[in-house]
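Below is one structure, written out as structure tokens, with a few remarks after it.
All values below come from the heavy atoms of this structure, side chains included, with hydrogens, waters and symmetry mates left out.
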Amino acid sequence: MPGLVGFLLIVIYVGGGWKFWSGFNRTNFSQNRAVLTLLWPIMLPSSKSYRQNFMKALKS
């Protein structure tokens, strides 16, 4: 069971990163694409601005 939870967390992490990466041009950010994509699980709950831009990136 722990293996399944870990696998699901990896899928969620990669999926969220993929959606943010592919929708990055819809955000207000212009630099640090890789850093912002890799840190999305930390930035999402801690920054209102990042959360709004993340939601813009997910809309496609």
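Take L8 and apply the side chain to side chain contact (heavy atoms under 4.5 Å, CB included) test, not counting sequence neighbours, and it matches L4. Residues satisfying the side chain to side chain contact (heavy atoms under 4.5 Å, CB included) criterion with N32, sequence neighbours excluded, are V35, L36. Checked against side chain to side chain contact (heavy atoms under 4.5 Å, CB included), V14 has the following partners two or more places apart in sequence or in another chain: I10. Considering only residues two or more places apart in sequence or on other chains, T37 meets the side chain to side chain contact (heavy atoms under 4.5 Å, CB included) condition with F20, W21, R33.
Contact record, N53 with N28: OD1-N, 2.8 Å, taken as the closest heavy-atom pair. Minimum heavy-atom separation, R26 to K56: NE-O, 3.4 Å.
When each of L38, I42, L44 is paired with W40, the side chain to side chain contact (heavy atoms under 4.5 Å, CB included) condition holds for L44 and for no other.
Rounding to the nearest 0.5 Å gives a distance of 10.0 Å between CE of M55 and OH of Y50.
Grouped by direct or indirect side-chain proximity (heavy atoms under 4.5 Å, Ile/Leu/Val/Met/Phe/Trp/Tyr only), V5 sits with L9.
When hydrophobic clusters are built by joining Ile, Leu, Val, Met, Phe, Trp and Tyr residues whose side-chain heavy atoms come closer than 4.5 Å, directly or via intermediates, I12 is grouped together with M43.
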_Could you walk me through whether K48 and R51 satisfy the side-chain contact (heavy atoms from CB on, under 4.5 Å) test, starting with their C-alpha distance in whole Å, then the side-chain angles of each, then the deciding distance to 0.1 Å, before giving a yes or no?_
CA-CA 5 Å; K48 182 178 179 181; R51 192 169 33 253; 3.8 Å; yes

